Engineer: 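For reference, the structure I am asking about is given below.
Please read all numbers here as calculations on a predicted model, not as lab measurements.
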Amino acid sequence: MSEHNTGHGHGHGVAAGADRAWLVRALVLIVGFMAVELVVGVLAGSLALITDAGHMLTDAASIVLALVAIRLAARPAKGGFTYGLKRAEILSAQANGITLLLLTAWFLYEAVTRLIAPPEVQGALVLATALVGIAVNVAASWCISRANRSSLNVEGAFQHILNDLYAFIATAAAGAIVWWTGFARADAIAALVVAALMAKAGWGLVRESGRIFLEAAPAGIDPEAVGEQVASVPEVVQVHDLHIWQITSGEPALSAHVLVRPAADCHAVRAGIEEIMRSRHQLDHTTLQVDHVDEDRAEHCERSHGPTYRYTGRG
């Protein structure tokens, strides 16, 4: 006997209505201040302000891409796209992360150059702009915190704006130091702090999106522990071809081939496994093939993928 079962979606990802409105509010705040900051940074000769503006540009881009991804992900699965276009947000998150890393390299070069030969910086203007930037980032962070942060794009934008908040604090401190002491290198040092925050955020996005593209198990789920739990279910003899991956951020999935004793009820075993996956691992999207074991064959599948799990605690 063989049984296949596939769970269905349960509202994962970003809600299309209210979330879009909060993202648009945050986007307006960020883009508006970013333009002002870039102009002031050039006028004040402040690399710290220009790097902050560059960071805000990637924040704005991630929000725009998240809005596009919301629309794409809402399209039904059809044709060759059997999962729909849910991974559009992962593509945009990876592009955002790579952009952050490239900007980090450029800002590091500029900051080191200014440490060697610091230009004149208008500290008072830098301080005033950074203080306004702190207020804008607090407001934008609040807007995005109201959206569904299970999306990798939305969470990435939220973390970036928090990083911007810390960066503006460093920039304000640099502006105050330049204004009060005339130590112009403080601006380049603040730019290095901003670049470090950008590198951290960029690498995090590239790493997390890369894990999804490589079909790695979601963080916090140990496939070996899951395999052993499934194998320990009564009547289960063996588990193989166990795969755990993410369709998109916040939507994990599992598939496995489960062999049970000849007299076992495949339906009851499958239901028991699904309940374990839901309650212990928040895995709602499962595809299980449940077969009675063939006692005349040592292995049911000639070329199974990954390890085979057998529970040895039963007699």
Side-chain angles (χ1 to χ4, degrees), residues 5-15 19 62 65-66 69-70 73 83-84 86-98 100-101 141 144-163 197 199-233 236 239-258 270-288 305-311 313:
N5 180 75
T6 303
H8 298 285
H10 298 267
H12 300 284
V14 185
D19 289 345
S62 69
L65 291 170
I70 290 172
Y83 281 128
K86 293 183 178 181
R87 280 198 174 171
E89 68 147 330
I90 308 303
L91 279 171
S92 62
Q94 188 166 74
N96 187 33
I98 292 172
L100 276 173
L101 294 177
S141 297
I144 293 189
S145 70
R146 304 282 293 178
N148 183 352
R149 287 166 50 200
S150 68
S151 163
L152 186 60
N153 263 341
V154 176
E155 177 63 18
F158 180 76
Q159 293 300 327
H160 289 178
I161 291 174
L162 283 183
N163 284 336
L197 292 172
K200 178 178 180 294
W203 174 245
L205 278 178
V206 170
R207 183 186 65 244
E208 291 306 313
S209 59
R211 284 181 58 85
I212 292 177
F213 282 132
L214 293 174
E215 306 285 1
I221 298 182
D222 180 2
E224 184 173 343
V226 171
E228 291 173 353
Q229 287 173 355
V230 175
S232 68
V233 171
V236 172
V239 181
H240 56 262
D241 280 345
L242 173 66
H243 303 288
I244 306 174
W245 70 99
Q246 289 191 87
I247 299 169
T248 186
S249 55
E251 193 167 348
L254 173 146
S255 66
H257 190 183
V258 181
R270 175 186 56 75
I273 295 172
E274 288 180 341
E275 178 56 33
I276 292 174
M277 295 302 100
R278 279 192 297 268
S279 61
R280 299 186 187 180
H281 304 289
Q282 291 71 56
L283 277 162
D284 296 324
H285 192 114
T286 57
T287 303
L288 299 173
H305 298 91
T308 296
Y309 301 92
R310 297 180 178 86
Y311 186 64

Engineer: Closer than 3.5 angstrom, by distance alone: can the side chain of R310 be matched with the main-chain N or O of A231 as a donor-acceptor pair?
Structural biologist: no
Engineer: How far does CD of Q94 sit from CD of E208, to the nearest 0.5 angstrom?
Structural biologist: 11.5 Å
Engineer: Are the side chains of V226 and M277 in touch, meaning some heavy atoms are under 4.5 Å apart?
Structural biologist: yes
Engineer: What's the spacing between Q229 CD and I273 CD1 if we round to 0.5 Å?
Structural biologist: 11.0 Å
Engineer: Once rounded to the nearest 0.5 Å, what's the spacing between atom CD of Q246 and atom CZ of F213?
Structural biologist: 11.5 Å
Engineer: Of all heavy-atom pairs between A256 and V239, which one has the smallest distance, and what is that distance?
Structural biologist: CB-CG1, 4.3 Å
Engineer: Do you know the tightest heavy-atom contact between I244 and P223?
Structural biologist: CD1-CA, 3.9 Å
Engineer: Between atom OH of Y309 and atom CD of E224, what is the distance when rounded to the nearest 0.5 Å?
Structural biologist: 5.5 Å
Engineer: Run the side chain to side chain contact (heavy atoms under 4.5 Å, CB included) test on V206 and I98 for me, step by step, so that the C-alpha distance in whole Å, both residues' side-chain angles and the decisive distance to 0.1 Å come before the verdict.
Structural biologist: CA-CA 7 Å; V206 170; I98 292 172; 4.0 Å; yes
Engineer: Starting at NE2 of H281, measure out to CG of D222 and round the result to the nearest 0.5 Å.
Structural biologist: 8.5 Å
Engineer: Nearest 0.5 Å, please: how far is CG in D241 from CG in L288?
Structural biologist: 12.0 Å
Engineer: Using side-chain contact (heavy atoms from CB on, under 4.5 Å) as the criterion, point out the one residue from T308, V258, V230, L254 that pairs with L242.
Structural biologist: L254
